[in-house]
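What follows is a single structure, written as structure tokens, with notes after it.
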2 protein chains.
Amino acid sequence: MGRGKIVIRRIDNSTSRQVTFSKRRNGIFKKAKELGILCDAEVGLVIFSSTGRLYEYASSSMKSVIDRYGRAKEEQQLVANPNSELKLYWFF
Amino acid sequence: MGRGKIVIRRIDNSTSRQVTFSKRRNGIFKKAKELGILCDAEVGLVIFSSTGRLYEYASSSMKSVIDRYGRAKEEQQLVANPNSELKLYWFF
DNA sequence: ATGGCTATTTATAAGTC
DNA sequence: TGACTTATAAATAGCCA
């Protein structure tokens, strides 16, 4: 989406990588917000830049998203394997 | 991005909402993958549809993202308020 | 519900200042 | 190092043989 077509592979030049990161990070956050509103969805997005900095967005709160994620994973595990131990399975 | 311009507000018609959800969900997952690759970032995305179904993507694993998120939040808290208790602060 | 199709809107790669 | 600009690629809204 720009003056030229690009291939999806790591951008070697670190300055270009930072510029692209900043632009696309804004884009994806916007998309996340729109999805939440348009479709009445709960969305959580966590991004660590290559320099290790954290960026986050949650349509509700990140705690709510992570808690719900954990519960959903436990449920999935329970359905898939009713006799297994709970917890610890939402890692993968 | 389509035949008509839309306003970003909840789509009332549930069938349209589902269709839009499915299309945009694919779009944002693609964007998340591209961001991870192009910019060498670690990305985690969790989406619950309005019907409560979970969709997820992580460039590494969700466990890795959530763990790292927790550590980053603890660090932020520590920097902001050196004498406070740790843990429990990454909720908000 | 589902999967194409394309006119149109939107995102963004390069470029400019 | 950002903040703008713009040509072009990409996403998608509305439709449907």
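A note on names: the letters A, B, ... follow the listed sequences, proteins ahead of strands, and every chain is numbered from 1.
- Regarding A:L38, its CG atom lies at a distance of 14 Å from the C1' atom of C:dT10, rounded to whole Å.
- Taking B:R3 as the reference, nothing meets the salt bridge (charged side-chain N to carboxylate O under 4.0 Å, His left out) condition, with sequence neighbours excluded.
- Applying the ring-ring contact (aromatic ring centres under 6.0 Å, His included) definition to pairs two or more places apart or across chains, those involving residues 9-52 of chain A are A:F21-A:Y55.
- The side-chain contact (heavy atoms from CB on, under 4.5 Å) search around B:R71 returns B:D67, B:R68, not counting sequence neighbours.
- For A:S49, the side-chain hydrogen bond (donor to acceptor under 3.5 Å, both in side chains) partners are A:T51, not counting sequence neighbours.
- Taking the side chain as every heavy atom from C-beta outward, B:K30 and B:I28 never approach each other to under 4.5 Å.
- In this structure, the CZ atom of A:F29 is 16 Å from the C1' atom of C:dA11, given to the nearest Å.
- Atoms CZ (B:F21) and C1' (C:dT2) sit 16 Å apart, rounded to a whole Å.
- Residues B:V43 and A:V46 fail the side-chain proximity criterion, which asks for heavy atoms closer than 4.5 Å.
- In the 5' to 3' direction, nucleotides of DNA chain D lying under 4.0 Å from heavy atoms of chain A begin and end at D:dT6 to D:dT12.
- For the side chain to side chain donor-acceptor pair (under 3.5 Å) condition, the pairs that include at least one residue of residues 17-28 of chain B, sequence neighbours left out, are A:E34-B:R24.
- The CE atom of A:M62 lies 9.0 Å from the OG atom of A:S59; values are rounded to the nearest 0.5 Å.
- Straight-line distance from the CE atom of A:M1 to the P atom of C:dT10: 13 Å, rounded to whole Å.
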What would the secondary structure line of DNA chain C be in dot-bracket form, counting Watson-Crick and G-U wobble pairs under 3.5 Å, with [ ] for pairs that cross earlier ones and | for pairs with another strand? ..|||||||||||||||

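- The side-chain hydrogen bond (donor to acceptor under 3.5 Å, both in side chains) check on A:S14 picks up nothing, with sequence neighbours excluded.
- Listed by chain and residue number, A:S16 satisfy the side-chain hydrogen bond (donor to acceptor under 3.5 Å, both in side chains) test with A:N13 (two or more places apart in sequence, or in another chain).
- Within the 4.5 Å cutoff, no side-chain heavy atoms of B:I47 are placed close to those of B:E56.
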Distances for protein N or O near nucleotides 14-17 of chain C N or O, under 3.5 Å:
| unit_1 | atom_1 | unit_2 | atom_2 | d |
| --- | --- | --- | --- | --- |
| C:dA14 | N6 | A:K23 | NZ | 2.8 |

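- Following rounding to the nearest Å, B:N26 (CG) and C:dG4 (P) show an atom-to-atom distance of 12 Å.
- Grouped with A:V7 in a hydrophobic cluster is no other residue, since no side-chain heavy-atom contact under 4.5 Å to another Ile, Leu, Val, Met, Phe, Trp or Tyr is found.
- Considering only heavy atoms from C-beta on, B:Q76 comes within 4.5 Å of B:K73 through its side chain.
- Sorted by residue number, the list of members of residues 7-17 of chain A with any non-hydrogen atom under 4.0 Å from DNA chain D is empty.
- The residue among B:I28 and B:V19 whose nearest nucleotide of DNA chain D lies closer to the 5′ end is B:I28.
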